[in-house]
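The next block holds one structure in the form of C-alpha cells; read it before the comments.
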Amino acid sequence: MRIVVAKPGLDGHDRGAKVIARALRDGGHEVIYTGLRRTPQEIVRIVTDEDAAAVGLSTLSGAHNVLIPKVCDGLREAGLGDVVVFAGGIIPEQDRSPLYEKGVRAIFGPGSTTKSILEFLEMVSSRKKAAESVGVGEQIGWRWNE
Amino acid sequence: MNETTSLFESAKSGDRRALARLLSVLEEGGTSPVENGSGDSIGITGPPGVGKSTLIGKLIDEWVSRGETVAVLAIDPSSPQTGGALLGDRMRMVNADSSDGIYVRSLATRNHPGGLMDCLTPMVDVLCACGWDHVVLETVGAGQSEIRVVAFANRIILVDGPDRGDVIQAEKAGIMELADLIVINKADLPNANRAAEAVKSALSAGSNIDVPDVLLVSAHSSMGVSELVDSITELQSSKDRERLRIRERLISAWDSALLTSNLFDESIRAIETGNMTLNQAVGHIRDKSN
Ligand SMILES: Nc1nc2c(ncn2[C@@H]2O[C@H](COP(=O)(O)OP(=O)(O)O)[C@@H](O)[C@H]2O)c(=O)[nH]1
Ligand SMILES: [Mg+2]
C-alpha cells in the first residue's frame, strides 16, 4: 500500500513518525515520509499528489484535537473520502472518540507494537477488497481495536 | 471513453487528483493515452546524500519564481526482500506541498522485471502533455541499473559532493560519460573547489571531446542555483552522449524483453537439468520469444 506518514504541528522532533515509517517499509509498504511541521492543507496536497491509499498522522503535542480533524475534513473536501486515516502518538483516552467520529480508523499509543499497525493495514486491505467502509469519508463505525 | 482517457482529460484541465491516479495506472502497466516517447525530461542523478533532493527543491523555487511549472518524479529503490520502500525525497523539497506550479511524485522501483523504464517513459509523456514546463527525474546514481534509469532522460545532470570518494565512484559507474552537466553541490563546505578541479581533470583526461561544464552550487545557501537554472535552459546534449544513452536504453529494453519472456523460466530449468547450453538458450529465446 502507498502510505503517507506525516507529522502535523509545530513540535520539533519526529522520532515517532520515523519509527512508524521504517516499520511500515519493513512490512512491505511504500511509505512517503513528509518530514516535520506540515500543515493540514499540505498533508492533503501530499496525499492527493502521491495517490496514497492511507495516511498515518503522528502527534505529540496535544495538537491532535485540532489538526487531525482538519486533515480528515480536508481529505473529504478534496474528494479523497476513500483514503484511510490512522493516528499515532500520545492521545489521551477522552480525546479519542471525537477523532473516531471524524473518520480516524485506528489510534496507536506509545505502547502499540509495529506488528499491530501492520495487522491493522492488512485488515484495511481486506475491507477495501470487500468494499466495506474504511475510508475517512465512508460510513463511520468500524475501527481497529488492539 | 475509457478510464485512462477520461483521467487524462481531467489531468490536462488541472485536476491533480486525476493526474495522480493516471500516473498510478501507468505505474501498474496501463496503456498510455499519449504517444510513446513524446515527452522531454531532465534526469538528476548522483550518489545518495549529495543533496539531489534539496537542490531540486531550490531549482523548483527558482523556476516557480520565473513563472514556470515543474513536475518531479523522485525515484528510490524498493527493498528486494520485502518490496517496501521509504520515499523521503519530497521532504527535502520545502515548497513542494503548497504551490500549484509544482507536482512531486515519489516512486519506488518495485523490482519490475525489466526495470522501471516501461512505466517511466509514459509518465514523462503524460506530464509533458499536461503542460508541465519542466519534468525532472531524481534517481540514485550508484550502479548499472540506475544508469539505465537515468539514460531515459533527455538531458542528464550529475550531482556530486565535496567528498572525492563519490566522484571516483561515479566515474567507475560510467555516469560521468552520460552527463551533460556536472554539479558539485555543498559548495559551502570545504573541499568543494578541490572536488570540482578533480572532476574537471578526470573529464579532460578521458576521451570525451565534448566536455560538460562543471558548476559549483550550494543548495543550502542557494549559491549558484540561479546560474544552474540558466545553464539547464541552454543545456544541449551532444551526439556522442545521445548515442551512449540510446545504447543504454537498448540494453535495458533487451533485458526487459528477456526477463519478461515466457521462455525465460523454462530455459533456466533446461540449463539446470543439462538439456540446453547457455548458447542454445539464448538462441531459443531470441528466435521464439513473443
Ligand atoms: N552543507 C550542505 N549540506 C547540504 C546541501 N544540500 C543538501 N545538504 C544536506 O545533505 C543531506 C542529504 O540531502 P538530500 O537532498 O536528501 O540528498 P540526496 O540523497 O542526494 O537526495 C541533507 O542532510 C541535506 O541537508 C548543501 O548545499 N550544503
Ligand atoms: Mg533524494
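Nothing here was measured: the structure is a model prediction, and the numbers come from that model. Naming convention: chains lettered A, B, ... in sequence-line order (proteins, then strands); numbering from 1 in each chain.
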Original post:
Could Glu119(A) and Lys115(A) be called an ion pair, given the rule that one side-chain N must be under 4.0 Å from one carboxylate O?
Top reply: yes
Subject >> Selection from Arg22(A), Met1(A), His29(A) maximising heavy-atom pairs under 4.5 Å formed with chain B >> reply: His29(A)
Original post:
For Ala78(A), is it the side chain, the backbone, both or neither that has a heavy atom under 4.5 Å from a heavy atom of chain B?
Top reply: backbone
Subject >> Which atoms of Asp49(A) approach chain B - backbone, side chain, both or neither, heavy atom under 4.5 Å >> reply: both
Original post:
Hey, is Glu3(B) close enough to Arg21(B) for a salt bridge, meaning N to O under 4.0 Å?
Top reply: no
Original post:
Side chains of Ser10(B) and Asp15(B): is there a donor and an acceptor less than 3.5 Å apart?
Top reply: no
Subject >> CA sep, side-chain torsions, deciding dist, call: Arg76(A), Asp73(A), salt bridge (charged side-chain N to carboxylate O under 4.0 Å, His left out) >> reply: CA-CA 5 Å; Arg76(A) 274 190 297 265; Asp73(A) 291 339; 2.6 Å; yes
Original post:
Quick one: of Val104(B), Leu23(B), Leu19(B), Asp76(B), who has the most non-hydrogen atom pairs under 4.5 Å with chain A?
Top reply: Val104(B)
Original post:
Counting distance only, does the side-chain N/O of Glu50(A) pair as donor-acceptor with the main-chain N or O of Ile46(A) below 3.5 Å?
Top reply: no
Subject >> Contact leader toward chain B among Glu42(A), Arg38(A), Glu30(A), where contacts are heavy-atom pairs under 4.5 Å >> reply: Glu30(A)
Original post:
Where does Ile102(B) contact chain A at under 4.5 Å (heavy atoms): side chain, backbone, both or neither?
Top reply: backbone
Original post:
If you count heavy-atom pairs under 4.5 Å between each of Ser98(B), Ala85(B), Ala96(B) and chain A, which one has the most?
Top reply: Ala85(B)
Original post:
Leu86(B) and side chain to side chain contact (heavy atoms under 4.5 Å, CB included): which partner among Val31(A), Val5(A), Ile32(A), Leu24(A)?
Top reply: Val31(A)
Original post:
Considering only heavy atoms, which portion of Thr34(A) lies under 4.5 Å from any heavy atom of chain B: side chain, backbone, both, or neither?
Top reply: backbone
Original post:
Is chain A contacted by the side chain of Asp100(B), its backbone, both, or neither, given a heavy-atom distance below 4.5 Å?
Top reply: both
Subject >> Ion pair Asp51(A)/Arg2(A), N-O distance below 4.0 Å >> reply: no
